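Below is one structure, written out as structure tokens; comments come after it.
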Amino acid sequence: MKNYCFWFCTGSQDLYGDECLSHVAEHSREMVAYMNASGILPYEVVWKPTLIDNALIRKTFNDANADENCAGVITWMHTFSPAKSWILGLQEYKKPLCHLHTQYLQEIPYDTIDMDYMNEHQSAHGDREYGHIVTRMGIERKVIMGYWKDEKVLGRLASWMRTAVGVMESSHIRIMRIADNMRNVAVTEGDKVEAQIKFGWEVDAYPVNQICKAVDAVTDAEVKALTDEYYDTYKILLEGRDADEFRRHVEAQAKIEIGFERFLKEKDYQAIVTHFGDLGSLQQLPGLAIQRLMQKGYGFGAEGDWKTAGMVRLMKIMTEGMKGAKGTSFYEDYTYNLVPGKEGILEAHMLEVCPTVADGDISIKVVPLSMGNREDPARLVFTSKTGTGIACSLIDLGHRFRLIINEVDCKKNEKPMPKLPVATAFWTPRPNLQTGAESWIICGGAHHTAFTYDLTTEQMVDWADAMGIEAVVIDSDTTIRGLKNELRWNAASYR
Ligand code: MN
């Protein structure tokens with residue numbers, strides 16, 4: 001990824017005299033320095049000279065467009081800045097925009113306040129004028145209100161920066177399909193041309209045997225080295241299998257991992273889609289290999305599901321380098337526990353769950369696959385972390401996309417499941433299993449999800465807004481009646 005930064009642009013005008021303008025510049029410099037030193041922001045903020053007229057505003061926004069490291073502009077009106085002077089710049093600006101509605105001083109200086117103070121510290125006034133024109137022009141932007149030293153405010157700015165990078169990087173997501181959609185499955189289908197128009201995603205198909213050739217070209221020495229690494233990293237659960245035979249199965253996945261990664265890098269793709277029914281000359285369904293690629297940041301979707309692959313990649317980008325990140329993965333809603341008080345969904349897939357979500361030991365198992373016609377695949381097996389997360393499903397409604405975001409509470413499995421040879425999570429959707437699942441189905445959500453512990457609903461809604469698509473949130477406040485009305489209103493809005 002690029003070394004992204006964000007520009008901090010302070011608005012004012014020349015009505016208040018040079019002394020006031022020098023204070024404005026001084027204050028905004030101090031604020032930028034503080035924000036950068038806070039350790040809260042994932043990307044650097046770059047101070048820009050105070051914007052006081054049409055020409056400079058237009059030039060600054062166009063410079064921001066042209067600077068490939070700039071992922072967005074943060075605007076703030078320290079004083080009043082007549083908003084007509086922002087029209088041309090805003091019209092030509094193409095990147096994410098944040099309006100930080102803050103004020104240099106936290107408290108009204110009751111004993112000394114006079115009209116000079118009021119003229120200098122009037123973002124309550126100037127930010128409204130500026131906000132008006134952005135709204136009138138119909139420009140999507142994030143508004144964050146609060147004191148600039150407040151950790152919560154900086155935390156929201158940090159979150160928005162990750163969303164903005166997601167918006168910028170979305171158009172660099174290239175998804176490789178090495179199989180078509182699973183026959184007759186509806187929800188994994190979609191309009192790839194529209195996805196490129198809306199999200200910038202490039203979705204391309206490759207004949208499976210072309211990637212098989214890349215796998216065949218991997219040398220024995222390379223396979224041995226990576227298999228040794230697996231054996232050093234993971235627990236080996238032979239479960240009665242012969243140790244040499246077991247290792248040969250693991251080696252097949254090492255060969256796939258190296259071959260696939262080489263092919264993806266050579267062709268410049270950051271997400272991949274497979275299908276157990278279309279494996280060409282591959283010995284096994286890619287299991288462990290795909291799990292490792294997801295861990296490295298690749299997006300993945302099974303059975304030809306390129307939309308989920310794109311979402312997993314997007315969420316990997318948005319969480320990149322996050323301190324204390326708990327993980328992002330592809331999942332499938334599999335089986336319910338309907339016991340009162342213990343309701344939830346067991347999440348898994350045939351093989352492909354990302355090890356970033358793992359809690360504790362990760363083991364390798366070799367077990368037959370009940371589908372397809374290949375040898376028993378090696379896979380990484382683990383349980384996942386507890387805590388809140390979001391499960392996202394991007395669906396194609398035929399004439400438009402909808403992003404469904406469900407907040408979920410991840411829990412420990414009540415008991416071990418020694419006979420289940422796949423990685424799992426167990427979660428209860430909000431507001432509860434019944435309303436959560438009913439809502440998901442009413443929204444048309446898929447059985448595949450892109451899941452993360454590390455992003456918020458707000459971030460994904462902001463991303464969807466930036467892409468111009470509908471976002472539906474299922475959370476603690478969701479009621480079926482409210483949701484159905486929201487979908488009706490959205491149907492009128494997103495035509
Ligand atoms: Mn599936």
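Reckoned from all heavy atoms, side chains included, excluding hydrogens, waters and symmetry mates. As the structure is a prediction and not an experimental result, all values here were calculated from the model. Order of appearance sets the numbers: ligands from 1, and atoms from 1 within every ligand.
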With the Mn ion (ligand 1) as the reference point, give the N/O/S atom of [X] that is nearest.
X    : result
E332 : OE1
E303 : OE1
H349 : NE2

Steps toward salt bridge (Lys or Arg N to Asp or Glu O under 4.0 Å) verdict (D359, K412): CA-CA 10 Å; D359 188 22; K412 276 273 145 233; 2.9 Å; yes
Metal proximity, D305 vs the Mn ion (ligand 1), N/O/S cut-off 2.8 Å: no
Heteroatom N/O/S of H448 within less than 2.8 Å of the Mn ion (ligand 1): yes
K296, NZ atom: more than 12 neighbouring heavy atoms under 6.0 Å: yes
Axial cation check for F246 ring with R241, 6.0 Å and 45° limits: no
Y230 and E257: side chain donor to acceptor below 3.5 Å: yes
Aromatic ring pairing W463/W201, orientation class (parallel under 30°, perpendicular over 60°, tilted between): parallel
